[in-house]
Amino acid sequence: MNFSNTLIHWYLQNKRDLPWRNTVNPYQIWLSEIMLQQTRVAQGLPYFLKFIDRFPTVFDLANADEQEVLKLWQGLGYYSRARNLHKTSQIVALNFEGKFPDNYNDLLELKGIGEYTAAAIASFAYNENVPVVDGNVFRVLSRYFNIETDIASSGAKKEFTALAKELLPDGKTNLFNQAIMEFGALQCVPKNPNCENCVLNSSCLALKFKKVSDLPIKLKKTKVQKRFFNYLIFKDAIGNTILQKRTQKGIWHNLYEFSLIETLDETSDLEVMELIERQNFIKNQIENIKLLNPIKINHKLSHQHLSVSFWEVQVEGKIENGIDYKSALNFPFPIVIYNFISKNWK
DNA sequence: AACGCGGGGTA
DNA sequence: TACCCAGCGTT
């Protein structure tokens with residue numbers, strides 16, 4: 001049996017039972033694909049179920065506020081996906097009468113749908129003859145065919161797409177695309193794959209040449225920036241606080257946070273306290289300042305490492321436009337903030 | 001063509 | 001720690 005049919009055969013015996021595999025509804029397939037961009041199935045699955053429950057159709061999603069969409073997306077990361085998801089739902093609902101484009105090229109026009117996602121939707125929902133190339137496909141193909149192209153290089157996508165297209169079995173694009181990705185996720189995993197027990201081990205070139213752990217080749221390294229966040233949880237006489245929306249470019253766009261003092265390095269608690277007293281965030285007089293987490297919270301993003309402190313700042317009187325705890329919980333937060341307040345703020 | 005964008009799992 | 005995950009949009 002050849003490569004493609006072996007994969008399909010393996011897939012039919014080993015595939016996970018996932019809700020978006022039991023449908024050809026392009027709305028559900030689209031939703032799952034957006035959520036699974038750079039995201040593991042285990043992490044995305046609960047969000048998919050929440051979204052389908054709250055937004056059963058593209059019209060329900062289109063009619064929602066962005067803030068509610070972001071709230072449901074809270075914790076999943078890469079929040080531009082949620083904003084683009086919402087925008088695209090409105091295009092589909094209003095301009096296309098709720099019907100998703102039914103081919104690769106038209107899908108590509110939509111916000112948040114790139115080459116991979118367009119191919120995924122086109123093949124899964126419409127069985128169009130287009131190959132998917134994601135991280136799994138790069139890994140499986142580079143190993144099986146011993147391809148040393150740097151997968152982070154500009155030409156790699158074209159090269160692997162062409163190869164994947166050659167491998168598509170007639171009329172079974174849907175199955176093959178699912179199969180090669182599932183194979184990469186379950187069998188041909190990044191580290192220490194179980195090659196002894198693999199349906200392709202007799203013909204895999206990486207295994208033959210003992211290069212499994214060297215492939216795929218990826219040269220680009222991400223460099224990490226360190227940042228130091230001090231969040232001020234103001235509290236007035238009736239327990240209200242201040243929240244603000246992150247409208248600037250950068251991380252957590254359109255999510256909410258407390259008043260923020262960012263310092264360039266590991267500033268001492270005493271110095272931060274002085275900064276809080278000097279900076280006039282609100283008119284109210286400060287009564288008391290208390291550091292809530294003497295041990296800094298380290299929150300790691302893929303490209304930034306954050307050291308986060310939370311300060312309770314008691315002020316006199318009532319804060320203008322203050323917000324109470326119960327209302328605050330309805331806002332979408334970065335998960336590091338949400339985890340802290342849900343644990344430490346009553 | 002290179003970079004910014006989350007959060008969590010794995011070794 | 002370092003790397004990876006059903007990548008995309010911007011510059």
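Values below: all heavy atoms of this structure, side chains included; hydrogens, waters and symmetry mates excluded. Every chain is numbered from 1 and lettered A, B, ... according to where its sequence line falls, protein lines coming before strand lines.
- Remark: the A/Thr57 side chain and the A/Tyr27 side chain contain no N/O donor-acceptor pair separated by less than 3.5 Å.
- Checking the phosphate oxygens (OP1, OP2) of B/dC5, a side-chain nitrogen or oxygen of A/His303 falls inside 4.0 Å.
- Counting non-hydrogen atoms under 4.0 angstrom, A/Leu76 reaches a base of the nucleic acid.
- Taking the side chain of A/Ile251 as heavy atoms from C-beta on, and the options B/dC5, C/dC4, C/dC8, the nearest nucleotide is B/dC5.
- Rounded to whole Å, atom P of B/dG6 lies 16 Å from atom CG of A/Asn339.
- Each of A/His299 and A/Asn192 was matched to the nucleotide of DNA chain B holding its nearest heavy atom; the match closer to the 5' end belongs to A/His299.
- Interface remark: the A/Arg139 side chain does not form any donor-acceptor pair with the C/dC4 base, using a distance-only criterion of under 3.5 Å.
- A donor-acceptor pair under 3.5 Å is absent between the side-chain atoms of A/Asn339 and the main chain of A/Val336, judged by distance alone.
- Each of A/Phe55, A/Phe51, A/Tyr47 was scored for a ring-ring contact (aromatic ring centres under 6.0 Å, His included) with A/Trp73, with one residue passing: A/Phe51.
- The separation between A/Leu255 atom CG and B/dC5 atom C1' is 12 Å, rounded to whole Å.
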side-chain hydrogen bond (donor to acceptor under 3.5 Å, both in side chains) for A/Asp134 and A/Asn136? Distances and angles first, verdict last.
CA-CA 5 Å; A/Asp134 73 335; A/Asn136 293 305; 3.0 Å; yes
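- A donor atom on one side chain and an acceptor atom on the other are not found under 3.5 Å apart for A/Arg81 and A/Gln37.
- Look at the P atom in both C/dA6 and B/dG4: the space between them is 24 Å, to the nearest Å.
- Phosphate proximity of B/dG9 to A/Gln43: absent, as no side-chain N or O sits under 4.0 Å from OP1 or OP2.
- A/Ser154 comes within 4.0 angstrom of the backbone, heavy atoms only, and of no base.
- The residue A/Gly250 sits close only to the backbone: its heavy atoms come under 4.0 Å of sugar-phosphate atoms, none of a base.
- Of the candidate nucleotides C/dA6, B/dA11, B/dC5, B/dA11 has the atom nearest to the side chain of A/Lys191.
- A/Tyr47 has its OH atom 9 Å from the P atom of B/dG7, to the nearest Å.
- Between A/Tyr231 and A/Phe258, the ring-plane angle classifies as perpendicular under the 30° and 60° cut-offs.
- Residue A/Gln248 contributes atom CD, which lies 16 Å from atom P of B/dG4 at whole-angstrom precision.
- Checked by distance alone, A/Thr39 brings a side-chain donor or acceptor within 3.5 Å of a matching partner on the base of B/dG6.
- The side chain of A/Lys111 places an N or O atom within less than 4.0 Å of a non-bridging phosphate oxygen (OP1 or OP2) of C/dT10.
- If A/Leu301 and A/Gly155 are placed on DNA chain B by their nearest nucleotide, the residue sitting closer to the 5' end is A/Gly155.
- Rounded to whole Å, atom P of C/dT10 lies 20 Å from atom OH of A/Tyr79.
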For A/Val140 and A/Gln187: C-alpha separation, side-chain torsions, deciding distance, then whether side chain to side chain contact (heavy atoms under 4.5 Å, CB included) applies.
CA-CA 9 Å; A/Val140 173; A/Gln187 175 71 37; over 6 Å; no
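- Listed candidates were C/dA6, B/dC3, C/dC5. Nearest to the side chain of A/Lys220 is B/dC3.
- In this structure, the CG atom of A/Leu186 is 12 Å from the P atom of B/dT10, given to the nearest Å.
- If you check C/dA6, C/dC8, B/dG7 against the side chain of A/Glu33, the one that comes closest is C/dA6.
- Residue A/Leu18 is the one, among A/Leu18 and A/Leu108, whose nearest nucleotide of DNA chain C lies closer to the 5' end (criterion: closest heavy atom).
- Rounded to the nearest Å, the gap between the C1' atom of C/dC3 and that of B/dG6 is 15 Å.
- Toward the 5′ end of DNA chain C lies the nearest nucleotide of A/Lys300, the other residue of the pair A/Lys300 and A/Asn136 mapping further downstream.
- Close to C/dT11, at under 4.0 Å from its OP1 or OP2, lies a side-chain N or O of A/Lys249.
- Residue A/His253 contributes atom NE2, which lies 15 Å from atom P of C/dG9 at whole-angstrom precision.
- Looking at heavy-atom distances under 4.0 Å, A/Arg21 makes contact with a base.
- Dashed line: the shortest gap from a side-chain N or O of A/Thr117 to OP1 or OP2 of C/dC8 is under 4.0 Å.
- For A/Trp252 and B/dG7, the shortest distance from a side-chain N or O to OP1 or OP2 is below 4.0 Å.
- Taking side-chain N and O atoms only, A/Gln38 has no distance below 4.0 Å to OP1 or OP2 of C/dC5.
- Taking atom OH of A/Tyr78 as the reference point, atom P of C/dA6 lies 13 Å away to the nearest angstrom.
- No contact: A/Trp30 has no heavy atom under 4.0 Å from any strand.
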